[in-house]
There are 4 protein chains.
Amino acid sequence: MRLAAGQPNNSNWMIERGVKKTSRAERKARRPHEILEAAFEEFAAKGYAATRVEDIATRLRITKGTVYLYFPTKDVLFQEMFRHAATSSADLSTAIGCLRGSCAERIRDLLLIAYENTANDRKTRELLRLSVAEGARLPEMVDCRHELFIAPTLAALTALVKEGVKSGELRQDTAADTPDVLASSIVQVAAWRLMSADREPIDGKALMESHIDLVMHGLVQPSGRMA
Amino acid sequence: MRLAAGQPNNSNWMIERGVKKTSRAERKARRPHEILEAAFEEFAAKGYAATRVEDIATRLRITKGTVYLYFPTKDVLFQEMFRHAATSSADLSTAIGCLRGSCAERIRDLLLIAYENTANDRKTRELLRLSVAEGARLPEMVDCRHELFIAPTLAALTALVKEGVKSGELRQDTAADTPDVLASSIVQVAAWRLMSADREPIDGKALMESHIDLVMHGLVQPSGRMA
Amino acid sequence: MRLAAGQPNNSNWMIERGVKKTSRAERKARRPHEILEAAFEEFAAKGYAATRVEDIATRLRITKGTVYLYFPTKDVLFQEMFRHAATSSADLSTAIGCLRGSCAERIRDLLLIAYENTANDRKTRELLRLSVAEGARLPEMVDCRHELFIAPTLAALTALVKEGVKSGELRQDTAADTPDVLASSIVQVAAWRLMSADREPIDGKALMESHIDLVMHGLVQPSGRMA
Amino acid sequence: MRLAAGQPNNSNWMIERGVKKTSRAERKARRPHEILEAAFEEFAAKGYAATRVEDIATRLRITKGTVYLYFPTKDVLFQEMFRHAATSSADLSTAIGCLRGSCAERIRDLLLIAYENTANDRKTRELLRLSVAEGARLPEMVDCRHELFIAPTLAALTALVKEGVKSGELRQDTAADTPDVLASSIVQVAAWRLMSADREPIDGKALMESHIDLVMHGLVQPSGRMA
DNA sequence: AATGAATGAGGGTTCATTCAT
DNA sequence: AATGAATGAACCCTCATTCAT
């Protein structure tokens, strides 16, 4: 006996009879999120052009067609994925508010937090890769990353340095105008990890500590600074 | 002076008018180089997968087929291009030999030279982009870049720091063990330029100076270091 | 009844008018078979290299891409096609079992059956063409044909001749050692048809009868055999 | 100093000074022949479509361009090659005139000669392959082969059989009308060799002898023919 | 909602043919 | 006469996208 032609070939009858674990509604609500996560993995691993929509679907054990139910084109999916990944990453603002101690201590802690959330966080690191790789294709992408990650950190850094200079704890110097250099080792670690792909792991934390020590106290013997 | 399109392809008229400058042999000898240069531009701009061999050819006003006379596959072309671009870039070794002054001065000069040749040199910068973007695809590529650019610079840096520590000019500290952090601002500038694509130009030189000043003398007031 | 080109691709009108006979599933199940058949026609007509995958597709009113849904490469398609065509061709074994009469009669009937299934069967004949044309490319192809067609026939022939010699019905002679020559006219007819392409049709059956008569009774007058 | 424009870039100055072994004229006269021979080898080995003009040139250690000096297109080259190979093959007519002995003996000798010149001659055998493989493409090719090889042999065979029947040496039978079947084993051996590609060599001569014996004296015991 | 068969627009690569040297 | 760089038309194969089920 064949199914009547008018009847939709409802493949979900199991669900309706209580066999389900997750309701259809739940599933549907979760789908976009799942797809964005899968897209992140694939795009990060292979880049935009080399990633096939089917690869993303397969990762979720669904089919291409389903992806297109939620995102109209590969391009849109990529952008949404980027925005999603950038947004879902850890939020620095609360951490920044909790800093205690001298300016130097707070700068140090801020840098370490930023490091943990950037160079040491795989997701954020891969977003950096995509920004570099596909940056020319999607300028807004870069701006998005900048606004969410970099700008707040730099703002906090700038504020801290200003405060320190005012209180006399920190030197008033050209460096005070470009506090971004304080964070340069974060980028360095991230870049290294992106390129070495774990073939030559480095101790990022140690490198951060070294850099912080350096930018705080300088390489040159203080006596030498008399001149 | 461009050739008129309708011109009969008389084999001699060009010669007779002195228009001909490049003989066939010359042209052929130059072709591989030209193609590698064009490939560099295209691959750097769009990445491996998104670049069409035809784009590379069109840039030289030749056809796809001609490219394949010199390189057997797109993949080989990419690798050769990378090697070529990496090799043809400026050589630091001579510059390193000419450094004069105190250790601090020489470190400063070395960093500025490295900056000029890396973050401030478009070619090298784009190689960094490719290393990040396609690094997973071609680990050797990254190693190639590392050996040619980074290793020598770091070696020189390490030697200078050691010398300075020995002579007492520089502090003996954890930082002395990881001299790479001295160069972190180079990576930072490079990364910034790769991502902003000149939409938000930065004064790389000033940033370098700031960073060098910082890592040399520290952000913290020297009096605070007595402890 | 063909579909009008301008017809809106309304998903239901065909069903409602009873035009739809093949469901999607049926169609899919049939596709590999259809493609193999179409491939047979094209490859047989033009040879491997000169056949375009698109030709095969067009024959089925589908597109190239669809062919690649079922066969990964042109090469695999060719091999599968060959195997399919060889396997699907008539099976001699049952026919061989039904032979009755004297050895001479059974040999005669066997040869005629083999003729019908080989030289007189277009499919088998074209497989012979492919074996000759592309044999160097694919030795296994030839072996495949040999095992399926030739070996069984020769085995039966050998058995019959042995039986006849034992019973005294047939001459014991060098010919008894190489019963394959009994079947040579089959090859001859097949070769002729492959080359003349029906421009000069021959009466294969008559030729077979002549040959069988000859190999049975000899061209030479029996009295002349005294010498 | 560059060559004057009017002077032909004579690369053969060595020849003119007596360095040569073969004069340019000789060379030129031989070229078409050489190319046809090389074309035969390549086309026979790979078929028309799969053979590249460059393969043919390389075999002669010349370049593609040179081939095009003598033959306007690949297609023409193929046809000329076929005609050349067919023509240059051994001529049966003289051999046929030398036959001596009874009709049976002369038929036997004729078949053996035809075998030597056809199934046992690599060149002729490969022409058979091409006729089968590309026959549909070029009907004239097949006719060419037919006229040169098959027709004369069959004519001689027919004449001999007629003569034998008239003189009473040979049976008057249906077989006398289709003397081609006498030659069927030649085709059989040729076909076998073309397909097995020497992987399973057969003793063609023995097979020929068997077949001749069979068609002459029959497989059935002469006593059985009394009935 | 989900599927996956089908499409068709390319992109990589090959190769017959041309032509300046 | 000979070369071989260059061309451009195909051909194989892939994949984003659609749509009937």
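Proteins come first, then strands; the chains are lettered A, B, ... in the order of their sequence lines, and each starts at number 1.
- For the segment residues 45-58 of chain C, the set of residues with a heavy atom within less than 4.0 Å of an atom of DNA chain E is empty.
- Look at CD1 on A/I62: it is 6 Å from P on E/dT3, rounded to the nearest Å.
- Residue order along DNA chain E, read from the 5' end via each residue's closest nucleotide, puts C/T66 first among B/G65 and C/T66.
- Shown here for C/L130 and C/M81, the closest heavy-atom pair between the two residues is CD1-CE, 3.8 Å.
- Of the residues near DNA chain F, C/D75 and B/T63, the one whose nearest nucleotide (by heavy atom distance) lies more toward the 5' end is B/T63.
- The nucleotide whose nearest atom lies closest to any side-chain atom of A/Y68 is, among F/dT18, F/dT7, F/dA6, F/dT18.
- Here E/dT13 presents its P atom at 13 Å from CZ of B/F71, a figure rounded to the nearest Å.
- When heavy atoms are screened at a 4.0 angstrom cut-off, B/Y70 is found touching the sugar-phosphate backbone but no base atom.
- Here A/I56 contributes atom CD1 and A/K74 contributes atom NZ; the two are 7.5 Å apart, rounded to the nearest 0.5 Å.
- Distances shown here put a side-chain N or O of C/R31 below 4.0 Å from the OP1 or OP2 atom of E/dA6.
- Two residues are said to be in side-chain contact when any heavy atoms from C-beta on lie closer than 4.5 Å; B/E37 and B/H84 meet this criterion.
- Under the 4.0 Å criterion applied to side-chain N and carboxylate O atoms, D/E42 and D/R52 are not assigned as salt-bridge partners.
- Residue-to-nucleotide contacts include no donor-acceptor pair under 3.5 Å from the side chain of A/K64 to the base of E/dT3.
- Tested against D/F78, the residues D/F71, D/F40, D/Y48 include a single ring-ring contact (aromatic ring centres under 6.0 Å, His included) partner, D/Y48.
- To the nearest angstrom, C1' of F/dC11 lies 15 Å from CD of C/E42.
- Looking at which nucleotide of DNA chain E each of B/P72 and A/V67 is closest to, the 5′-most match is held by A/V67.
- For A/R61 and E/dT3, the CZ to P distance is 13 Å, given to the nearest whole Å.
- The nucleotide F/dG8 finds its pairing partner in E/dC15, both defining distances of the Watson-Crick or G-U wobble pair being shorter than 3.5 Å.
- Atom CD in A/E34 sits about 13 Å away from atom C1' in E/dA1, given to the nearest Å.
- For the pair D/Y68 and D/T73, the tightest heavy-atom approach, listed with the atom from each and the gap, is CE2-CA, 4.1 Å.
- Side-chain proximity of C/L69 to E/dA5, F/dT3, F/dT14: nearest is E/dA5.
- Nearest heavy atoms, B/Q79 versus B/D75: OE1-OD1, 2.8 Å.
- Here the P atom of nucleotide E/dG11 and the CZ atom of B/F43 are 14 Å apart, to the nearest Å.
- Scanning all heavy atoms of the two residues, the minimum distance from C/K46 to C/T51 falls at CB-OG1, 3.6 Å.
- The nucleotide E/dA20 finds its pairing partner in F/dT3, both defining distances of the Watson-Crick or G-U wobble pair being shorter than 3.5 Å.
- One interatomic measurement links the two molecules: CZ of B/F78 to P of E/dG12, which rounds to 14 Å at whole-angstrom precision.
- Computed from coordinates, the B/K28 NZ to F/dT3 P distance equals 14 Å when rounded to whole Å.
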